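Below is one structure, written out as structure tokens; the observations come after it.
Please read all numbers here as calculations on a predicted model, not as lab measurements. Within every chain, numbering begins at 1; the chains are lettered A, B, ... in the order of the sequence lines, protein sequences first and strands thereafter.
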Amino acid sequence: MVIKREKTEKKYMHYPTVEDKSTEAHKEWEPWVHKGLWAIKGYQVVRGPSGGGTVEEALKRKPKDFMVIDRASAALYSHSYGLVSPFFRGLLDGKLKGTKCPKCGTVYCPPRAHCWNPKCAVAETEWLDLPLKGVIHTFTIQCLAASPFANMLPFSMGYVKVEGADTTLPMFLHIDPKEIFIGQKVEIKFAPKEKRKGELMDLYAVAVPSQKVPEWSCLHKNPRDMEMLQESMKKTLEWVKKRYGIDNSPEVRGW
Amino acid sequence: MARKVAVVGGGLFRPDIWHGENAEEGVAIAYKDLLKSVPNLTPDDIDALMMSYFSDHLNGQLCMGWIIQDYLGLHGKPGYRIESGGSTPIDALVNAFYLIKSGYYDVILIPGWEWMCEVDVATTNEMIASASDTDWDFPVGGYYNAYYAALEVRHMQLYGETCEDLGRIAVKNHNNATHNPYSQWVSLHGTGKITMDDYWKSRMVCWPYRVLNNAVMSEGAACLLMASEKAAHKFTDTPMWITGVGLGTDSMRPGDRTADFVYENFKEEAKIYPDFVEPIKTPYPDMANFASLNIAAKRAYKQAGITNPVKELDVAEIFAPYDGVELVLYEDLGFCSRGEGKTLIREGVVEFDGELPVMLSGGLTSQGHPVGATSLYQILFLYYELAGKMKEKYGPDALQVPDARKALITGHGGTGCQGAVMIFEAE
Ligand SMILES: [Zn+2]
């Protein structure tokens with residue numbers, strides 16, 4: 001039997017698009033396709049050491065000239081979130097969803113469409129709404145990040161165990177490192193509706209007010225650690241300001 | 001287990017931040033180094049090749065293994081690529097071990113390499129981080145430094161090591177590397193020693209990790225030669241026998257390890273779990289320890305008949321892209337009980353003159369970390385340790401453990417998603 005597919009405007013899609021927020025991205029990236037991926041854009045000649053052996057042996061040899069070319073590669077991936085798409089669409093509506101295994105009762109957030117408990121034989125899970133609260137399972141304070149996040153430094157990223165869930169979900173923590181600790185109760189918030197993209201960065205956590213940092217908190221036990229961290233964060237703020245012209249100090253960005 | 005398998009030699013092209021030579025030329029230099037140190041080896045002896053390299057993104061070249069095999073003039077022979085993130089090189093070795101053990105081949109060459117500096121560092125980090133779950137982990141500030149920092153914070157909270165302990169490991173490993181004339185640290189900084197003061201001054205990356213705690217980006221290559229018992233003595237008088245091989249795997253996302261049914265029956269390991277934190281479904285490994293390596297170690301020890309690793313092993317190389325991994329693995333590898341990793345570094349057990357020296361090569365943070373070659377460098381290092389020939393290869397200042405007989409190495413991919421432990425013994 002031949003399945004008849006509806007014609008769509010976008011020729012790269014095989015099935016109808018029922019909601020479209022990707023036009024801009026496609027417009028932005030489309031020219032890259034014509035830029036000639038892997039075409040050679042330029043070169044430089046670099047004089048450097050060569051050959052095997054130890055560092056000393058290599059440095060003793062006469063340096064050689066190496067021709068170094070520049071070639072670019074880029075692509076726009078249209079990737080499906082699969083059966084857990086409702087989670088990401090839920091984010092657009094300010095809802096946090098998880099899945100529950102009907103056999104063993106495990107609650108997953110991040111959701112899984114199938115239970116991974118070997119006893120449940122990849123049982124299909126059921127959707128449920130989760131409360132917008134949780135507990136910090138662990139965290140880090142980043143003074144360096146991969147390219148898409150570098151202009152947001154410094155920030156804190158953590159794994160949050162959402163109330164009722166058994167697994168933990170990574171998210172940004174809009175919490176001052178002076179207050180942050182493992183076990184801290186948090187409220188989960190959403191970015192303003194118009195800014196949401198149906199991705200994890202749509203949500204973040206803030207501390208439930210008036211919690212005391214426990215004396216066992218690893219970041220606070222030794223005041224010197226906190227001092228040095230604050231110093232590093234200050235330097236990071238300055239770097240971001242210089243590099244991107246963005247002021248990420250708490251007074252300006254609000255967290 | 002009838003057939004024995006040995007590492008019988010190797011060659012290397014030192015790791016560095018940049019090489020003018022490209023990957024195939026770098027592997028050729030390493031291969032030449034192997035041919036020089038194993039004069040009886042001819043290309044005809046080689047039955048098959050296992051190509052060890054991690055990334056296709058970093059050089060934009062698919063099927064680089066074909067280029068390498070061709071460049072060495074070894075095309076025509078059976079060969080294929082092994083890839084499992086950071087675990088790539090050790091898995092190439094494990095695979096070669098199985099193939100020789102099975103009787104299928106007698107001599108296998110493992111070329112390993114990585115050329116990681118063609119794109120800028122931030123992009124390299126991003127490309128490496130695409131080995132993490134790009135739907136669920138990568139989209140949140142993600143790169144491996146951050147995940148591993150978060151994992152370490154959890155361990156730190158549960159078991160009480162401090163920033164100072166992480167500094168102690170950094171100082172130990174960097175100072176070990178100053179004795180390794182092939183190390184990237186020596187290339188970039190010379191042979192001067194570092195102190196805790198240098199550590200505190202090094203730049204914060206993701207708390208609690210500083211630059212000196214983190215693996216470096218490298219370009220480099222190594223070639224290892226493996227042989228059956230029948231073939232081994234043609235190549236060396238000091239074969240390094242593989243007496244234990246253990247593999248383990250873990251969940252893709254560290255965040256899921258709080259409810260990981262695979263570890264439901266890890267009751268013993270789960271026992272030591274502090275009561276000041278909220279209980280979770282599977283308190284071992286949580287996000288703090290590496291169960292994949294714990295499983296791998298138990299399997300390897302059983303085969304090698306090891307019951308007390310600190311006593312029975314003479315030297316160990318650990319795959320630790322971040323220093324906390326080394327500390328945590330002291331526990332998962334059974335060098336101490338859980339929570340006591342900090343004690344081993346504080347008491348100097350893992351120093352050169354300690355009971356079980358760990359990471360004498362300098363490891364990933366200071367010897368270098370061109371992924372596909374990393375463990376091969378470490379294994380070659382152990383080969384010379386067990387052969388008692390350290391000074392021959394690494395110079396008069398090399399750290400030779402006296403009478404070293406047994407060694408351990410670990411491999412480690414992702415956030416401990418995959419791990420391997422191998423035990424080596426001198427003849
Ligand atoms: Zn289930």
query: Are more than 12 heavy atoms from other residues, nucleotides or ligands located less than 6.0 Å from atom NZ of A:K119?
result: no

message: If you count heavy atoms of other groups shown closer than 6.0 angstrom to NZ of A:K221, is the number above 12?
response: yes

Go through the atoms of [X] and report whether side chain, backbone, both or neither lie under 4.5 Å from a heavy atom of chain A.
{"X": "B:S183", "value": "backbone"}
{"X": "B:F276", "value": "both"}
{"X": "B:A129", "value": "neither"}
{"X": "B:E278", "value": "side chain"}
{"X": "B:E264", "value": "side chain"}

Which bit of [X] is near chain B, if near means a heavy-atom gap under 4.5 Å: side chain, backbone, both or neither?
{"X": "A:S73", "result": "neither"}
{"X": "A:Q142", "result": "both"}
{"X": "A:V68", "result": "side chain"}
{"X": "A:Y204", "result": "neither"}
{"X": "A:Y108", "result": "side chain"}
{"X": "A:L153", "result": "neither"}
{"X": "A:R47", "result": "neither"}
{"X": "A:Y159", "result": "side chain"}
{"X": "A:Y77", "result": "neither"}
{"X": "A:K161", "result": "side chain"}

Could you tell me if [Y] and [X] have a donor-acceptor pair between their side chains, going purely by distance under 3.5 Å?
{"X": "A:Y81", "Y": "B:D135", "answer": "no"}
{"X": "B:N214", "Y": "B:Y148", "answer": "no"}
{"X": "B:N213", "Y": "B:Y199", "answer": "yes"}
{"X": "B:S251", "Y": "B:D256", "answer": "no"}

- prompt: If every non-hydrogen atom of B:A288 is compared with every non-hydrogen atom of B:V328, which pair is closest and at what distance?
  reply: O-CG1, 3.4 Å

- line: By salt bridge (Lys or Arg N to Asp or Glu O under 4.0 Å), A:R89 pairs with (sequence neighbours left out) A:E19

Looking at chain B, which one of [options] has the largest number of heavy-atom pairs inside 4.5 Å, strictly under?
{"options": "A:L144, A:T106, A:I141", "result": "A:L144"}
{"options": "A:W38, A:F88, A:W116, A:F172", "result": "A:W116"}
{"options": "A:T138, A:L229, A:N222", "result": "A:T138"}
{"options": "A:G183, A:A58, A:S50", "result": "A:S50"}
{"options": "A:P154, A:A146, A:S147", "result": "A:S147"}
{"options": "A:P118, A:G48, A:P63, A:P148", "result": "A:P148"}

With chain A as the partner, which of [options] has the greatest number of non-hydrogen pairs under 4.5 Å?
{"options": "B:A221, B:G20, B:G26", "value": "B:G20"}
{"options": "B:R203, B:K32, B:R253", "value": "B:R253"}
{"options": "B:N125, B:I29, B:V153, B:D137", "value": "B:V153"}

Donor-acceptor contact present, side-chain [X] to main-chain [Y], <3.5 Å:
{"X": "A:Q211", "Y": "A:K185", "value": "yes"}
{"X": "A:S217", "Y": "A:P214", "value": "no"}
{"X": "A:K100", "Y": "A:G105", "value": "no"}

Decide, yes or no, whether a salt bridge links [X] with [Y] under the criterion of side-chain N to carboxylate O below 4.0 Å.
{"X": "A:E57", "Y": "B:R14", "result": "no"}
{"X": "B:R257", "Y": "B:D260", "result": "no"}
{"X": "B:K393", "Y": "B:D33", "result": "yes"}

